[in-house]
Amino acid sequence: MKEVFHKIMALFMATIVVFSTMSFTINMHYCGDDLVDIGIFKQAKTCGMEMNESTPLSDSTFSKKGCCTDKHITVQGQDELNLSFDNLTLQQQQFVATFAYTYVNLFEGYTENKTAFSEYPPPIIVKSIYKLDETYLI
């Protein structure tokens, strides 16, 4: 049970590291006030009602605004991971080395059961001692 718990915790911590260092973008397409599509890692699909870009006429200074809007949210992951021991101080290197050593040896199982009385045989039972010490109330 303990090994299963440690494997689950190791998997959970690895996913936290992966998701904290990963960057991604969420694209949203709105038509008016209604959300039409959301795209994660890709461009959101449009509703097909975008304004056609035409060349403005020289006498017209006003342009129509379309009803569709696109919103982009970018989530930046962290880039400051220490991947080598070169940047660590001597005390930090000693801590990591001792922690790794104790963690590996923590789950080392015993191969044999040692008992203090394994070299001494049990005494030979001549009579049933519990029968000699019994008292009966009559």
Side-chain angles (χ1 to χ4, degrees):
M1 182 69 181
K2 194 175 195 179
E3 293 176 9
V4 172
F5 177 71
H6 284 290
K7 287 182 182 180
I8 290 171
M9 286 302 295
L11 183 65
F12 176 69
M13 290 165 59
T15 54
I16 286 175
V17 169
V18 167
F19 285 118
S20 69
T21 58
M22 187 173 66
S23 300
F24 59 93
T25 302
I26 300 172
N27 296 317
M28 295 179 282
H29 180 77
Y30 287 95
C31 187
D33 290 334
D34 297 330
L35 179 64
V36 176
D37 191 30
I38 295 177
I40 301 175
F41 302 116
K42 61 178 181 162
Q43 193 67 19
K45 294 180 182 176
T46 61
C47 60
M49 294 181 62
E50 295 86 22
M51 294 289 295
N52 291 334
E53 295 292 328
S54 61
T55 59
L57 299 174
S58 61
D59 59 345
S60 173
T61 59
F62 297 107
S63 63
K64 266 190 164 180
K65 186 177 177 184
C67 66
C68 295
T69 57
D70 290 324
K71 197 180 269 189
H72 305 286
I73 300 173
T74 302
V75 178
Q76 294 290 332
Q78 72 180 31
D79 295 331
E80 302 167 0
L81 291 178
N82 289 335
L83 299 177
S84 67
F85 286 111
D86 298 338
N87 299 337
L88 298 177
T89 64
L90 179 63
Q91 292 175 344
Q92 290 173 340
Q93 289 178 3
Q94 287 176 343
F95 174 75
V96 169
T98 55
F99 180 76
Y101 178 76
T102 55
Y103 186 77
V104 167
N105 291 332
L106 181 66
F107 304 112
E108 190 174 279
Y110 294 109
T111 56
E112 62 182 65
N113 292 331
K114 290 191 174 191
T115 56
F117 54 87
S118 63
E119 297 177 8
Y120 303 105
I124 300 172
I125 299 175
V126 180
K127 294 181 182 178
S128 300
I129 296 174
Y130 65 91
K131 289 280 189 181
L132 293 175
D133 294 334
E134 282 182 358
T135 59
Y136 297 104
L137 297 173
I138 299 177

[X] and [Y]: which non-hydrogen atoms are nearest, and at how many Å?
X: D37; Y: K45; value: OD2-N, 2.7 Å
X: A44; Y: I38; value: CB-C, 4.5 Å
X: H29; Y: C68; value: CE1-CB, 3.7 Å

So, do [X] and [Y] sit near enough that their side-chain heavy atoms are less than 4.5 Å apart?
X: M28; Y: L35; result: yes
X: N27; Y: K42; result: no
X: F99; Y: Q94; result: no
X: Q43; Y: H72; result: yes

In the single-linkage hydrophobic clustering (I, L, V, M, F, W, Y; side-chain heavy atoms under 4.5 Å), do F19 and I40 co-cluster?
->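 F19 and I40: one cluster.
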Hphob cluster co-occupancy, I73 + F24, side-chain heavy atoms under 4.5 angstrom |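 Cluster IDs for I73 and F24 match.
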So which of K2, K7, M1, M9 actually passes side-chain contact (heavy atoms from CB on, under 4.5 Å) with F5?
->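 Checked K2, K7, M1, M9 against F5; only one passes side-chain contact (heavy atoms from CB on, under 4.5 Å): M9.
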Decide side-chain contact (heavy atoms from CB on, under 4.5 Å) for I16 and F12; before the verdict, give the C-alpha distance in whole Å, the side-chain angles of both, and the deciding distance to 0.1 Å.
-> CA-CA 6 Å; I16 286 175; F12 176 69; 3.3 Å; yes
Polar side chain donor-acceptor pair, Y101 to N105, under 3.5 angstrom |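 Yes, side-chain donor-acceptor contact under 3.5 Å.
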